[in-house]
S.K.: 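Could you have a look at this structure, given as structure tokens, before my questions?
Naming convention: chains lettered A, B, ... in sequence-line order (proteins, then strands); numbering from 1 in each chain. Predicted model only: the values in this text are computed from it and were never measured.
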Number of protein chains: 2
Amino acid sequence: MALEHAILVSLDERSGSGYELAQRFEKSIGFFWAATHQQIYRTLKRMVELGWVSRHEVAQDGRPDKKVYEVADAGRAELARWLASPSEPETLRHDLSVKIRGASLGDAAALTGEIARHRDLHAERLDVYLAIEKKDFPDPSALSGRRLHQYLVLRGGVRAERALVEWCDEVLAAMREDDRR
Amino acid sequence: MALEHAILVSLDERSGSGYELAQRFEKSIGFFWAATHQQIYRTLKRMVELGWVSRHEVAQDGRPDKKVYEVADAGRAELARWLASPSEPETLRHDLSVKIRGASLGDAAALTGEIARHRDLHAERLDVYLAIEKKDFPDPSALSGRRLHQYLVLRGGVRAERALVEWCDEVLAAMREDDRR
DNA sequence: TGTCACTATGCAACTAGTTGCACTGCACCC
DNA sequence: GGGTGCAGTGCAACTAGTTGCATAGTGACA
């Protein structure tokens, strides 16, 4: 239900086309809300029908024309309504944990390899986040408003990825130790 | 796709009825894989058709009869296959982060209240996990095999919830500070 | 002139999860 | 005998997300 709202937040930061939104969902806002371009186009269509966003065609030269979306008053109202409403924490579904819990029923070596792969993947993401933090937010104490909020969300990513890396390391160490015995 | 596999792991630990499984998905295995009883019954039906589990009726006295499910050979094979196959990290969708990023577009006080609520919720979960850790795994270094794997998954929960609590605290502090200015 | 790569938009079919409801069995208590 | 509450099983409709495909415009380069 929140894809609409994520799009509203992103469009409010800066109006853009479906294509541009899809790109943002590959990074920045995509770090905490996943969406494919198919989903985005479909949702934008619905949002126009609801009157949450307005659309106008923009001719470009050197590249195909595009349709730019902008948040409408009804969209801003909906966003305010949603922001004030309570939301439940995401229901968790963590593949890797299921696999670890079932580890004794399969190939242990393959699984530790898989855990190591996840570890590296999370470490990579962590590096990306830390690089953004360093580059875009060198002086956090000076931040306020919108910029502060962006920074705080990024901090959530940093903390989450760091926790995951550390957990993978703990799991790997314990499973290898168990293996040796 | 992994609900089948989570059920296989759980049934392998101990055979049980749909109802019993649904209860396990309220705790233990449910801490990292969410599922409702409707989903579980539907999936069990499919798994019987696939030959992954077998089912037999068990008469009870003092309570209604039940249908107990047990992992079949084909189920064990499927589990081994799945354990050896790579899996992508879950796509993230974090409501609260979207809300924080859009904070300037709504009622700031309501949002900080919401963040505080989430903070408490995560703190509560953390306490639950820590209590289980203390009670069921008093001596982690002595663990091995299945028990070790259960412990390691629990550790993931502890780390995740702790990271969330700390992040909420960071967000609350920063937003309140920003408010005062 | 062809093809590659990127910009740009979209439909359709499928899969997985959510929500609301419905029903039976049985113990316990008033 | 009637209500409450837990045990136990399930269907149906809906919503959200995934996957595979289709198509067009434009610049760069061989």
Side-chain angles (χ1 to χ4, degrees), chain A residues 1-8 11 15-27 29-30 32-50 53 55-69 82 87-95 98, chain B residues 1-8 11 15-27 29-30 32-50 53 55-69 82 87-95 98:
Chain A
M1 262 262 234
L3 175 55
E4 285 87 339
H5 302 106
I7 289 177
L8 286 172
L11 283 181
S15 298
S17 67
Y19 188 82
E20 283 157 357
L21 275 171
Q23 284 180 316
R24 292 182 209 169
F25 275 86
E26 294 285 300
K27 37 182 180 53
I29 196 140
F32 51 94
W33 200 274
T36 60
H37 78 268
Q38 289 93 330
Q39 230 183 317
I40 291 167
Y41 284 118
R42 195 204 300 145
T43 305
L44 281 171
K45 192 185 166 191
R46 203 185 323 141
M47 289 170 76
V48 170
E49 284 160 18
L50 287 165
V53 295
R55 152 161 88 172
H56 53 278
E57 290 224 16
V58 172
Q60 302 189 105
D61 52 55
R63 45 173 63 183
D65 299 348
K66 62 181 177 181
K67 297 171 187 169
V68 170
Y69 295 84
W82 176 72
S87 60
E88 291 323 298
E90 308 303 313
T91 54
L92 356 69
R93 296 210 167 84
H94 198 255
D95 233 77
V98 179
Chain B
M1 259 256 237
L3 175 55
E4 284 88 339
H5 303 107
I7 290 178
L8 285 172
L11 284 180
S15 297
S17 67
Y19 189 82
E20 282 157 358
L21 275 171
Q23 283 180 317
R24 293 182 209 170
F25 275 86
E26 295 285 299
K27 38 182 178 56
I29 196 140
F32 50 94
W33 201 275
T36 60
H37 78 268
Q38 289 94 330
Q39 231 183 316
I40 291 167
Y41 283 118
R42 195 204 300 146
T43 303
L44 281 170
K45 192 184 166 191
R46 202 184 326 140
M47 291 170 75
V48 170
E49 285 160 16
L50 287 166
V53 295
R55 151 160 88 173
H56 53 278
E57 290 227 15
V58 172
Q60 302 189 105
D61 51 56
R63 45 173 66 180
D65 298 349
K66 63 180 175 181
K67 298 171 186 167
V68 170
Y69 295 84
W82 176 73
S87 59
E88 291 323 299
E90 308 303 313
T91 54
L92 356 72
R93 296 211 168 83
H94 200 253
D95 234 74
V98 179

S.K.: From the options dT7(C), dA16(D), dG10(D), select the nucleotide whose nearest atom is closest to the side chain of Arg46(A).
M.R.: dA16(D)

S.K.: For the side chain of Asp65(B) and the backbone of Gln60(B), is there at least one donor-acceptor N/O pair under 3.5 Å apart?
M.R.: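 Yes; at least one donor-acceptor contact below 3.5 Å.
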
S.K.: Quick one: on DNA chain D, does Gly62(A) or Ala2(A) contact a more 5' nucleotide (nearest heavy atom)?
M.R.: Ala2(A)

S.K.: Answer yes or no: does a side-chain N or O of Lys45(B) lie under 4.0 Å from OP1 or OP2 of dT9(D)?
M.R.: no

S.K.: Using atom CZ of Phe25(B) as one end and atom P of dT9(D) as the other, report the distance to the nearest whole Å.
M.R.: 15 Å

S.K.: Has the side chain of His37(B) got a donor or acceptor atom sitting under 3.5 Å from an opposite partner on the base of dG8(D)?
M.R.: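 No such pair is found, so the answer is no.
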
S.K.: Taking atom P of dA16(D) as reference, at what distance in whole Å does atom CG of Asp95(B) sit?
M.R.: 12 Å

S.K.: Check whether any side-chain heavy atom of Thr36(A) sits under 4.5 Å from a side-chain heavy atom of Phe25(A), and report yes or no.
M.R.: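 Side chain of Thr36(A) against side chain of Phe25(A), heavy atoms only: no contact under 4.5 Å found.
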
S.K.: Run through Thr43(B), Val48(B), Ile7(B) and flag the one making a side-chain contact (heavy atoms from CB on, under 4.5 Å) with Val53(B).
M.R.: Val48(B)

S.K.: Among dT7(C), dG17(D), dG8(D), find the nucleotide with the atom closest to the side chain of Arg93(B).
M.R.: dG17(D)

S.K.: With respect to the side chain of Tyr19(A), which nucleotide from dC11(C), dT18(C), dC6(C) is positioned closest?
M.R.: dC6(C)

S.K.: Mind checking Asp61(A) for me? I need base, sugar-phosphate or nothing, with any heavy atom below 4.0 Å counting as a touch.
M.R.: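 Nothing, no heavy atom under 4.0 Å.
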
S.K.: Quick check on DNA chain D: between Tyr69(B) and Pro64(B), whose nearest nucleotide comes earlier from the 5' end?
M.R.: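 First, find each residue's nearest nucleotide; the 5'-ward one identifies Pro64(B).
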
S.K.: Look at the side chain of Arg42(B) and the base of dT18(C), then say whether one donor and one acceptor between them are separated by less than 3.5 Å.
M.R.: yes

S.K.: Answer yes or no: does a side-chain N or O of Lys66(B) lie under 4.0 Å from OP1 or OP2 of dG25(C)?
M.R.: no

S.K.: Output the single nucleotide from dC11(D), dT18(D), dT9(C) whose closest atom is nearest the side chain of Thr36(A).
M.R.: dT18(D)

S.K.: Using a heavy-atom cut-off of under 4.0 Å over every strand shown, decide if Gln38(A) touches base, sugar-phosphate, or nothing.
M.R.: base

S.K.: Measuring from the side chain of Thr91(A) (C-beta onward, heavy atoms only), which nucleotide among dT9(D), dT18(C), dG10(C) has the closest atom?
M.R.: dT18(C)

S.K.: With respect to the phosphate group of dG10(D), does any side-chain polar atom (N or O) of Gln39(B) fall under 4.0 Å of OP1 or OP2?
M.R.: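 False: Gln39(B) side-chain N/O out of range (4.0 Å or more) of dG10(D) OP1/OP2.
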
